[in-house]
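All values below were derived from every heavy atom in this structure, side-chain atoms included, with hydrogens, water molecules and symmetry-related copies excluded.
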Amino acid sequence: WCWGFGWGDDVIDAREGDEEKSYGHRFMFRPTLRGKFGRLLLVNETDISYFMIEGEGPYFRDTQYDTLVKDNDVVFDNKTMFLFEIRESKGATSFYAGPFYSVTHAASASLTRQRVGILASLVPVDGLWFLGRPKIYSALGYNVEDRNREGEVFFLFHVGFDIALGGQR
């Protein structure tokens with residue numbers, strides 16, 4: 001069902017019960033370029049991820065990139081963001097919002113996705129208890145190119161924080 005055929009939500013729902021447990025490792029290299037010009041922040045993140053997966057396969061669903069990968073596979077992901085500083089940063093706090101463009105390509109499955117949208121990133125306080133820089137991130141966008149979700153709108157919401165080892169933030 002993976003070679004040249006869809007694997008969207010309808011296919012995943014139809015194959016419920018066929019899932020197989022597996023585990024794997026991902027090695028990721030993420031160079032990030034940032035430039036700040038007044039209140040405008042330009043960011044370009046590129047992920048180059050290598051997957052080693054144990055299991056029957058041949059394909060496995062990676063939920064972070066929402067794509068299919070094989071053992072010894074490579075995924076390329078690039079996101080360019082043009083963010084405007086909504087609230088002036090004080091200390092570690094920040095609030096940015098603006099448009100983004102992203103492209104993701106899974107080599108073995110030959111799946112490519114292009115997305116556009118707007119995102120917001122908020123760090124409301126420097127720290128909260130032992131958590132450093134709690135972050136709230138959301139994005140609303142449109143799948144410009146995607147064999148299985150082309151033309152669909154998507155919404156992402158993430159919450160995260162930093163943990164400093166050794167007691168310092």
Side-chain angles (χ1 to χ4, degrees), residues 7-10 12-13 19 23-51 53 60-69 73-106 111-169:
W7 70 277
D9 294 335
D10 54 339
I12 292 171
D13 291 343
E19 302 94 346
Y23 66 93
H25 304 280
R26 175 181 68 171
F27 298 94
M28 182 175 71
F29 176 64
R30 179 185 278 174
T32 302
L33 301 173
R34 296 174 196 226
K36 189 165 183 187
F37 308 94
R39 296 185 81 167
L40 179 65
L41 177 65
L42 277 65
V43 181
N44 183 276
E45 293 179 342
T46 300
D47 292 2
I48 302 168
S49 298
Y50 175 74
F51 290 84
I53 303 171
F60 303 90
R61 182 173 184 214
D62 177 69
T63 55
Q64 178 174 345
Y65 298 118
D66 191 23
T67 194
L68 298 177
V69 295
D73 203 352
V74 174
V75 173
F76 169 82
D77 181 67
N78 180 268
K79 184 183 298 171
T80 302
M81 299 164 271
F82 299 92
L83 305 175
F84 184 73
E85 187 177 33
I86 304 297
R87 184 182 72 204
E88 190 171 343
S89 299
K90 293 182 175 125
T93 66
S94 63
F95 183 27
Y96 289 94
F100 73 90
Y101 166 78
S102 72
V103 60
T104 304
H105 179 75
L111 292 172
T112 300
R113 176 191 313 107
Q114 294 186 63
R115 290 178 162 177
V116 295
I118 76 171
L119 63 85
S121 174
L122 172 66
V123 177
V125 294
D126 289 342
L128 184 64
W129 301 298
F130 63 91
L131 308 176
R133 293 178 36 89
K135 300 168 191 67
I136 302 168
Y137 168 94
S138 65
L140 176 64
Y142 178 77
N143 288 301
V144 176
E145 176 190 359
D146 186 318
R147 187 175 358 174
N148 303 291
R149 292 181 174 86
E150 190 166 318
E152 292 182 8
V153 173
F154 67 90
F155 177 74
L156 303 172
F157 182 80
H158 301 275
V159 176
F161 51 85
D162 297 340
I163 295 179
L165 302 176
Q168 296 192 14
R169 275 190 263 188

Is the shortest heavy-atom distance from the side chain of L140 to the side chain of V153 under 4.5 Å? yes
Roughly how far apart are L41 CG and F82 CZ, rounded to 0.5 Å? 11.0 Å
Report yes if the side chains of F155 and S138 come closer than 4.5 Å at any heavy-atom pair, otherwise no. yes
What's the spacing between S102 OG and N78 CG if we round to 0.5 Å? 8.5 Å
Quick one: pull up OG1 in T32 and CG in D47 and give me the separation to the nearest 0.5 Å. 7.5 Å
When you compare the side chain of F29 with that of T46, does any pair of heavy atoms fall below 4.5 Å? no
Yes or no on side chain to side chain contact (heavy atoms under 4.5 Å, CB included) for V103 and T112, after CA distance, side-chain angles and deciding distance? CA-CA 7 Å; V103 60; T112 300; 4.1 Å; yes
Test item: R113 side-chain N/O and Y65 main-chain N/O as donor-acceptor pair under 3.5 Å: yes
Hey, are the side chains of V74 and V69 touching, using non-hydrogen atoms and a 4.5 Å cut-off? no
Decide yes or no for N44 and K79: does some side-chain heavy atom of the first lie under 4.5 Å from some side-chain heavy atom of the second? no
List the steps, then state whether side chain to side chain contact (heavy atoms under 4.5 Å, CB included) holds for V123 with F95. CA-CA 6 Å; V123 177; F95 183 27; over 6 Å; no
Would you say V75 and T104 make side-chain contact, with heavy atoms under 4.5 Å? yes
What's the separation between atom OH in Y96 and atom CG in L122, rounded to the nearest 0.5 Å? 12.0 Å
Just how far is it from atom CE of M28 to atom OG of S49, taken to the nearest 0.5 Å? 5.5 Å
Apply side chain to side chain contact (heavy atoms under 4.5 Å, CB included) to residues R147 and L111 and explain how you reach the verdict. CA-CA 7 Å; R147 187 175 358 174; L111 292 172; 2.7 Å; yes
Ring-face cation contact, F154 with R115, 6.0 Å cut, 45° max: yes
Side-chain contact, heavy-atom cut-off 4.5 Å: T80 with F100? no
Do L68 and D62 come close enough that some side-chain heavy atom pair is under 4.5 Å? no
Looking at D146, is its backbone amide N or carbonyl O close enough to the side chain of N143 to form a donor-acceptor pair, meaning the two atoms are under 3.5 Å apart? no
Check the pair M81 / L119 against side chain to side chain contact (heavy atoms under 4.5 Å, CB included), numbers first and verdict last. CA-CA 9 Å; M81 299 164 271; L119 63 85; 3.8 Å; yes
Heavy-atom neighbours of R39 CZ exceed 12 at 6.0 Å: yes
State the CZ-CD distance between R34 and E45, to the nearest 0.5 angstrom. 6.5 Å
